[in-house]
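Here is the naming used below: chain letters follow the sequence lines, and residue numbers restart at 1 for every chain. Just so you know, these numbers use all the heavy atoms, side chains as well, and skip hydrogens, waters and symmetry mates.
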Amino acid sequence: ETGVTQSPTHLIKTRGQQVTLRCSSQSGHNTVSWYQQALGQGPQFIFQYYREEENGRGNFPPRFSGLQFPNYSSELNVNALELDDSALYLCASTSTGGNEQFFGPGTRLTVL
Amino acid sequence: GIQVEQSPPDLILQEGANSTLRCNFSDSVNNLQWFHQNPWGQLINLFYIPSGTKQNGRLSATTVATERYSLLYISSSQTTDSGVYFCACTDKLIFGTGTRLQVFP
């Protein structure tokens with residue numbers, strides 16, 4: 001069984017640019033959640049997708065947006081990047097009817 | 001919203017020692033997970049434990065939902081146990097601030 005995968009592993013962007021991060025959920029999982037983890041802090045919930053619909057959102061501005069596709073993979077898009085967006089972005093998937101979340105290895109984004 | 005607090009923030013142990021990490025949460029929860037974050041950032045699932053007690057090798061966890069706390073026990077610690085331990089609650093995981101564990105030989 002393949003676990004949660006994320007791409008790319010690392011990314012460097014400049015302020016004002018746009019970025020797309022990708023996540024493939026674990027087989028049989030239909031819910032995907034995204035988290036931002038700044039250096040030295042715990043992960044913060046960005047949003048969750050269930051069956052291609054947003055199912056909850058944390059305290060992040062609208063320039064953070066997402067998509068979930070019919071195969072349950074997901075994208076996180078961030079527009080107008082700011083220096084404070086530099087962080088580790090984590091994706092997690094949850095099985096149908098379950099609560100336990102399983103995380104991917106993350107994408108480390110650096111904004112210069 | 002729900003608040004999640006972990007203690008201690010930092011823990012330094014010699015190999016072979018035992019330790020207890022605590023997680024307090026401010027409201028009732030239907031989901032509680034413990035994670036170990038390795039130096040590369042990967043969050044590794046340790047326990048899914050909204051209530052009760054579970055054991056997995058040298059690790060065990062207990063959640064007392066009525067008193068809003070969970071404990072993670074690490075016995076006979078090894079250098080590979082080093083890293084940050086997080087607890088997280090609810091279906092949109094709210095993470096605690098973590099406990100940074102360093103185990104020295």
Participant: Minimum heavy-atom separation for A:N55 to B:K92, with atom names?
Facilitator: O-CE, 2.9 Å

Participant: Which atoms of A:Y35 are under 4.5 Å from chain B, going by heavy atoms: the side chain, the backbone, both sets, or neither?
Facilitator: side chain

Participant: Quick check on B:D91 against chain A: is it the side chain, the backbone, both or neither that has a heavy atom closer than 4.5 Å?
Facilitator: both

Participant: Where does A:Q44 contact chain B at under 4.5 Å (heavy atoms): side chain, backbone, both or neither?
Facilitator: neither

Participant: Does a sphere of radius 6.0 Å around CZ in B:R100 hold more than 12 heavy atoms from other residues, nucleotides or ligands, not counting ones at 6.0 Å or beyond?
Facilitator: no

Participant: Check each atom of A:Q48 against the heavy atoms of chain B and say whether the ones under 4.5 Å are side chain, backbone, both or neither.
Facilitator: side chain

Participant: Might you point out which heavy atoms bring B:W40 and A:R108 nearest each other, and give the distance in Å?
Facilitator: O-NH2, 4.1 Å

Participant: Is it true that B:L59 and A:F103 fall in one hydrophobic cluster, defined by side-chain heavy atoms closer than 4.5 Å?
Facilitator: no

Participant: Spell out, yes or no, whether A:L76 and A:Y49 are grouped together once hydrophobic residues are joined by side-chain heavy atoms under 4.5 Å, including indirect joins.
Facilitator: yes

Participant: Tell me the closest heavy-atom pair linking A:E100 and B:N45, and the distance in Å.
Facilitator: OE2-ND2, 3.2 Å

Participant: Would you mind checking which part of B:Q6 comes under 4.5 Å of any heavy atom in chain A, side chain (CB onward), backbone (N, CA, C, O), both or neither?
Facilitator: neither

Participant: Check the surroundings of atom CG in A:N59: do more than 12 heavy atoms from other residues, nucleotides or ligands lie under 6.0 Å from it?
Facilitator: no

Participant: Can you tell me how far apart CG (B:L43) and CD (A:Q101) are? Round to the nearest 0.5 Å.
Facilitator: 10.5 Å

Participant: If hydrophobic clusters are built by linking Ile, Leu, Val, Met, Phe, Trp and Tyr wherever their side-chain heavy atoms come under 4.5 Å apart, do B:F104 and B:L13 end up in the same one?
Facilitator: no

Participant: Can you tell me how far the CG atom of A:L90 sits from the CZ atom of B:F95, to the nearest 0.5 Å?
Facilitator: 7.5 Å

Participant: Between B:I94 and A:Y89, is there shared hydrophobic-cluster membership here, with clusters defined by ILVMFWY side-chain heavy atoms closer than 4.5 Å?
Facilitator: no

Participant: Rounded at 0.5 Å granularity, tell me how far OG1 in B:T90 sits from CG in A:N99.
Facilitator: 9.0 Å

Participant: Cluster question for you: counting only ILVMFWY and a side-chain heavy-atom cut-off of under 4.5 Å, with indirect links fine, are B:L46 and B:V4 together?
Facilitator: yes

Participant: Around A:R63, counting heavy atoms of other residues, nucleotides and ligands shown, do more than 12 lie under 6.0 Å from its CZ?
Facilitator: yes

